[in-house]
2 protein chains.
Amino acid sequence: MRLLLIEDEKALGNALRDYLLAQGHATDWVENITDADAAMASTPYDVVLLDLNLPDGHGVDLLRGLRRRGDVTPCIILTAQDQITDRIQGLNAGADDYLVKPFDLGELHARLSAVARRYAGNPNPLLSIGNVDIDLARRVIFVAGLRVDLTAREWALLDQFARRPGATLSKPQLEEALYEFGAEIESNTVEVYISRLRKKIGSNLISTLRGVGYRLEG
Amino acid sequence: MRLLLIEDEKALGNALRDYLLAQGHATDWVENITDADAAMASTPYDVVLLDLNLPDGHGVDLLRGLRRRGDVTPCIILTAQDQITDRIQGLNAGADDYLVKPFDLGELHARLSAVARRYAGNPNPLLSIGNVDIDLARRVIFVAGLRVDLTAREWALLDQFARRPGATLSKPQLEEALYEFGAEIESNTVEVYISRLRKKIGSNLISTLRGVGYRLEG
DNA sequence: ATCACGCATTCAGCCTGTTGTCAGCAAGCG
DNA sequence: CGCTTGCTGACAACAGGCTGAATGCGTGAT
């Protein structure tokens with residue numbers, strides 16, 4: 001697995017990184033929120049290990065930001081014994097699990113496996129088209145290696161395309177994806193969102209078939 | 001995809017069928033085991049959606065029968081909240097996944113995609129004629145391995161031919177395909193579109209039968 | 001409560017590919 | 001050879017698609 005370790009304490013960070021590498025996980029280690037954001041903006045991780053006490057802010061804020069952007073990368077919080085309030089906050093903010101320091105490395109391994117198992121259902125197929133990587137499970141896309149944030153509707157559209165790359169999708173079909181079933185709408189919303197999507201992911205990825213629909217190249 | 005929906009509840013069945021059709025899946029809907037057996041005997045389906053509560057027996061029995069006959073068509077079970085035992089039975093009997101009613105249509109979509117992905121080994125049935133591959137489901141054709149875009153009318157014509165390869169289609173017949181029934185048009189549009197099609201897919205694929213009509217060679 | 005912000009929706013004007021039509025040419029058939 | 005039937009290039013009209021801007025709406029911050 002590809003892991004991101006966000007940990008301020010040097011000694012713990014070192015030990016964890018060595019252990020995780022030994023376990024066969026590609027592990028990046030950063031020590032503050034700024035670097036973490038940068039790392040996540042450029043790389044898709046399978047699990048994030050997050051210490052809450054960070055020099056440039058509180059871990060929960062980082063997590064909230066992630067979730068608000070629709071990123072659902074599994075996250076395990078590493079927290080000291082006494083920060084129970086933080087822990088609850090963390091879970092509410094969208095963490096998947098937490099570990100109380102000091103913790104056993106075997107325990108960490110078990111939690112990691114559990115989280116991985118939980119997400120094993122969809123084996124996380126990274127769909128690569130051109131220079132765009134689409135992670136359907138996590139609702140994240142990378143354009144030229146940089147994360148790009150999509151709004152709900154934009155994602156709904158792209159999701160349709162990504163599930164059937166190369167297929168031609170008609171406007172009514174796409175409309176269904178935007179509006180939960182039935183809600184008829186009389187305007188060119190699909191066109192508008194196609195336009196916005198193209199602006200974000202590059203205009204050559206989605207081609208128009210006049211009078212027919214649209215297609216994601218692949 | 002080609003789906004078989006086995007569902008007793010009329011309202012749910014209707015909604016599901018509409019949704020699935022809108023998603024571009026060829027969907028047959030039957031309401032009992034007898035009809036389901038008949039349908040599966042005559043048509044190969046990509047996925048079966050199976051409600052367990054059926055008027056003439058238990059869905060799991062249908063599934064068991066299938067698997068005993070060596071049929072491995074992927075099957076997703078639709079089950080009410082309380083039938084947990086049934087669900088386990090279902091998975092044991094050879095189901096691939098299950099959905100608990102009431103479920104979100106997006107959820108259904110996701111499960112379908114997941115199952116489809118798992119069985120992605122053999123993709124769409126491609127109709128191959130000469131060096132032209134026609135993918136009816138995705139509305140895409142390849143000529144000598146390269147994708148070729150067709151306009152709406154061009155596709156309407158080719159679609160007619162592809163559905164009855166080798167058959168001779170008269171001009172009035174083809175005209176019906178171009179213009180939703182009734183809209184009479186006085187000119188040589190069919191000839192024009194035959195010409196345009198030939199330019200795109202190769203002129204030897206469609207042959208002219210003077211005074212009679214046209215035919216797609218196979 | 002108010003404000004600011006971002007997302008959703010609608011609309012209008014511009015732009016472009018498809019379409020139907022026709023005319024002249026080619027090919028089949030007596 | 002003459003007649004019929006089919007083929008195809010050209011083209012004007014138009015439906016369909018694109019996109020910037022205005023407006024509305026909901027949510028989070030102050």
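Protein chains get the first letters and strands the later ones, always in sequence-line order, with residue 1 at the start of each.
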Q: In whole angstrom, give the distance that lies between atom CG of A:Asp61 and atom C1' of D:dG28.
A: 14 Å

Q: Send over the distance from B:Leu209 CG to C:dA27 C1', rounded to a whole Å.
A: 15 Å

Q. What's the NZ-C1' distance between B:Lys200 and C:dT19, to the nearest Å?
A. 12 Å

Q | Between P of C:dA8 and CD of A:Glu191, the distance in whole Å | A | 17 Å

Q: Measure the distance from CG on B:Leu178 to C1' on C:dT19 and round it to the nearest whole Å.
A: 11 Å

Q | Under 4.0 angstrom between A:Ser187 side-chain N/O and C:dT10 OP1 or OP2 | A | yes

Q: Working to the nearest 0.5 Å, report the span between NZ of B:Lys200 and CG of B:Leu150.
A: 5.5 Å

Q. Just how far is it from atom CG of B:Leu50 to atom CD1 of B:Ile76, taken to the nearest 0.5 Å?
A. 10.5 Å

Q) Hey, is the side chain of A:Tyr214 poking within less than 4.0 Å of OP1 or OP2 on D:dC18, counting only N and O atoms? A) yes

Q. Using a heavy-atom distance cut-off of less than 4.0 Å, which residues of residues 148-164 of chain B contact DNA chain C?
A. B:Thr151, B:Ala152, B:Arg153

Q: Decide yes or no for A:Arg215 and B:Asp149: does some side-chain heavy atom of the first lie under 4.5 Å from some side-chain heavy atom of the second?
A: yes

Q. Between atom OH in B:Tyr193 and atom C1' in C:dT21, what is the gap in whole Å?
A. 11 Å

(Q) If you compare every side-chain N and O of A:Lys171 against the phosphate oxygens of D:dG16 (OP1, OP2), does one of them come in below 4.0 Å? (A) no

Q. Roughly how many Å is it from CZ in B:Arg196 to P in D:dA10, rounded to a whole number?
A. 12 Å

Q.
Classify A:Arg198 by what it touches in the nucleic acid, base, sugar-phosphate, or nothing, heavy-atom distance under 4.0 Å.
A. sugar-phosphate

(Q) Is it the case that D:dT5 (base atoms only) and B:Asn188 (side chain only) share a donor and an acceptor within less than 3.5 Å, ignoring hydrogens and angles? (A) no

Q) Looking only at heavy atoms, what is the nearest atom pair of B:Phe161 and B:Leu174, with distance? A) CZ-CD1, 4.0 Å

Q.
From CG of B:Leu197 over to C1' of C:dT19, roughly how many Å is that when rounded to an integer?
A. 14 Å

**Q.** D:dC7 OP1/OP2 closer than 4.0 Å to side-chain N/O of B:Lys199
**A.** no

Q.
Can you tell me whether the side chain of A:Arg210 and the base of C:dT16 have a donor-acceptor pair closer than 3.5 Å?
A. yes

**Q.** Phosphate OP1/OP2 of D:dC7 contacted by B:Thr208 side-chain N/O (<4.0 Å)
**A.** yes

Q) How long is the gap from CZ on A:Arg2 to OG1 on A:Thr73, to the nearest 0.5 Å? A) 12.5 Å

Q: Quick one: pull up CG in A:Leu158 and CD1 in A:Ile141 and give me the separation to the nearest 0.5 Å.
A: 5.5 Å

Q.
What I want to find out is whether A:Lys199 reaches A:Glu154 closely enough, with some N-O distance under 4.0 Å, to be called a salt bridge.
A. no

